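The structure presented is a predicted model; accordingly, all values stated were derived computationally and were not measured. In what follows, chains are A, B, ... by sequence order, proteins preceding strands, each numbered from 1.
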Amino acid sequence: MSRPFVLTTPIYYVNGLPHIGHTYSTVVADTLARYHRLAGEDVYFQTGVDEHGEKVQAAADAAGETPQAYTDRISGQWQATWDALNLSHDRFFRTTEAESKAAVQVMAQRVWDAGQIEFREYEGLYCVGCERFLTDRDMEGGLCKDHEKAPEPRREANYFFKMSEHFSWLAETLEENPDFLQPTRYRNEVLAMIREGSGLEDLCISRPKERLSWGVPLPFDEDYVCYVWFDALVNYLTGCGWPNEPGWEERWRECTHLIGKDILKPHGIYWPTMLHAAGLPLPKGIRVHGHWQIEDRKVSKSLGNLIDPLVMKERYGFSPFRYFMLREMSFGLDSSFAEDAMIERTNAHLANALGNLFSRTLNMTARYSDATVPTPGPTGDEEARVRQAAADAATAVDKHLRAFETHLALEALFRLVDAANRYVDHREPWKAAKDPEREEEVRTTLYTCCQALRAIALLLAPFLPDAAVTMLERLGIPDALDTVVLPADGERWDALLPGTPTTKGDALFPRLELIEDA
RNA sequence: GGCGGUGUAGCUCAGCCGGUUAGAGCGACGGUUUCAUAAGCCGUAGGUCCCCAGUUCAAGUCUGGGCACCGCCA
């Protein structure tokens with residue numbers, strides 16, 4: 001049994017459709033999952049949707065649908081989007097599935113049995129229009145921001161998870177396991193939140209059914225449903241097979257959660273303390289990425305500046321968008337998305353550097369070697385340098401991807417592309433080809449270029465799977481990905497055999513021009 | 001208001017424990033080549049390392065203060 005690699009994306013809330021933020025999370029996870037598969041690991045990659053709660057119920061009411069019909073429709077669109085983008089998740093998790101609801105109830109029961117849930121009555125300011133209690137943030141001048149009416153004091157009783165009892169344990173755990181929550185900045189942020197208390201208390205985990213029926217009933221009180229995170233977070237555990245499937249714990253201990261910084265608190269605090277209260281082990285770790293700004297403004301629906309991945313795909317193909325996201329964002333930090341920047345960068349890297357290398361190599365192979373991988377003659381220092389560049393790229397891609405640093409991995413990979421371009425220029429096979437006495441030298445040069453392209457295609461496969469497959473097909477080894485083991489095979493020079501037929505084909509990455517909004 | 005982060009070439013960013021003339025990619029500019037997607041390759045461009053003060057033989061790199069932006073909390 002090979003080593004398990006388990007990766008989850010956030011469980012996206014279905015009150016809207018995927019935009020660049022969701023797409024980024026899922027694409028990074030997809031890239032990691034693809035890499036680890038190529039490394040021969042036993043990968044389980046899960047994404048999914050969170051379908052319960054007030055907003056879904058409200059949206060369904062507004063649409064004149066039942067919540068189930070509404071979420072079937074919206075969740076279907078999420079699934080269809082990921083399918084259209086060729087993402088390779090092993091499971092699309094829905095919190096309305098029977099398995100999920102059952103698991104949530106087991107979890108709630110466990111925490112209840114452990115004496116970690118308490119029934120409490122409290123008073124708050126309730127807005128009838130919103131059908132919920134308001135926080136300071138929801139009000140302005142004592143009025144509900146949405147309804148511009150004064151909320152009324154109301155008493156309600158709910159179940160609370162005694163989260164604060166676990167804060168010192170959590171702080172210790174984070175201190176002792178610095179790798180659990182990374183990058184460090186976010187670990188520090190969580191520690192700060194716990195340390196100063198800062199309003200973090202016990203967590204309300206229920207809603208009375210009369211007020212919210214769209215949820216999972218609490219097993220110990222049928223008049224209440226689970227609320228928000230206590231329902232949603234369990235998906236990660238359920239996806240690993242908990243509580244009934246044999247082997248769930250092995251998978252769980254290798255599970256990494258990839259999240260955006262907006263949901264740091266639920267994942268960095270709620271979730272570990274819930275698991276601890278339930279007597280369950282922690283997953284392997286949490287990795288936090290930053291946010292995309294759109295032309296330096298914040299992504300928000302009200303600004304109408306969400307980037308729809310399907311629109312990007314339609315305009316430019318998905319590869320440039322995917323490449324830009326993976327290459328531009330330093331993992332953990334915020335980045336800015338702009339269509340013109342995407343075009344500029346992908347033209348430089350994909351069209352000019354890689355696409356052109358591919359094109360010139362296959363063209364010369366067709367012209368000077370009868371469209372087959374040539375038999376090389378003796379090799380020298382220059383060939384050795386290209387081969388070393390491939391080995392270096394394979395090592396670097398492995399190292400950086402295991403740290404989730406897709407931008408550094410791609411940077412390293414493109415150093416190989418650059419090395420190959422320099423190599424061709426220096427060897428000048430188009431000149432050598434005019435001299436019959438240098439025929440062997442031409443064969444050696446083109447052979448080296450073909451091997452380099454094979455290495456590039458293999459290492460590119462996690463990042464741009466479609467392009468990699470096209471490259472391998474044209475290099476005459478369409479099934480290469482089925483047997484490869486990275487990073488070791490990235491530097492193999494004997495897997496693409498002389499005599500293998502190659503195909504020139506159209507531009508791998510056509511140069512792009514900005515398409516203005518209508 | 002509290003806590004934290006960020007502020008380095010036009011743009012995006014590297015710069016670990018303080019130490020030779022501050023780096024990379026992209027863009028720009030010049031040169032060169034023709035196998036190739038008007039692509040490639042070579043070279044150049046000189047930015048008060050946000051500001052002020054301090055510690056030190058020596059500070060983007062440490063300390064204090066200030067400014068700007070961002071995040072979390074209130």
Q.
Taking pairing as Watson-Crick or G-U wobble with both contacts under 3.5 Å, can you name the mate of B:A28, or confirm there isn't one?
A.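 Result: B:U44.
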
[atom1] atom, [N] versus [M]: distance in rounded Å?
N     : M     : atom1 : result
B:C57 : B:C13 : C1'   : 33 Å
B:C29 : B:G46 : P     : 15 Å
B:U12 : B:G47 : C1'   : 15 Å

Across all chains, not counting sequence neighbours, the salt bridge (charged side-chain N to carboxylate O under 4.0 Å, His left out) partners of A:E437 are none

By salt bridge (charged side-chain N to carboxylate O under 4.0 Å, His left out), A:R345 pairs with (sequence neighbours left out) A:E328

Take the angle between the ring planes of A:F331 and A:F404 and call it parallel below 30°, perpendicular above 60°, tilted in between.
tilted

Listing request: all salt bridge (Lys or Arg N to Asp or Glu O under 4.0 Å) pairs with a residue in [range], at least two apart in sequence or in separate chains.
range                       : answer
residues 351-366 of chain A : A:R360-A:D425
residues 14-27 of chain A   : none
residues 443-469 of chain A : A:E439-A:R443
residues 399-414 of chain A : A:E41-A:R402, A:D398-A:R402

Heavy atoms within less than 4.0 Å of RNA chain B: which residues of [range] have one? Give them sorted by number.
range                       : result
residues 361-373 of chain A : A:N363, A:M364, A:R367, A:Y368
residues 465-473 of chain A : none
residues 450-464 of chain A : none

Checklist line | Below 4.0 Å: OP1/OP2 of B:C73 and any side-chain N or O of A:K265 | finding: yes

Assigned chi class of B:G60 under the 90° convention is syn

With sugar-phosphate taken as primed atoms, P, OP1 and OP2 and all else as base, the protein-contact string of nucleotides 23-33 of chain B at under 4.0 Å (heavy atoms; B, S, -) is --SSS------

A:P498 meets the side-chain contact (heavy atoms from CB on, under 4.5 Å) criterion, sequence neighbours left out, with A:T375, A:P376, A:Y447

Of the candidates B:G71, B:C41, B:U37, the side chain of A:E189 sits closest to B:G71

Sequence neighbours excluded, the answer for ring pair (Phe, Tyr, Trp, His ring centres under 6.0 Å) partners of A:Y323 is A:H349, A:F414

message = Under 4.0 Å, heavy atoms only, any strand: does A:L333 hit a base, just the sugar-phosphate, or nothing?
response = sugar-phosphate

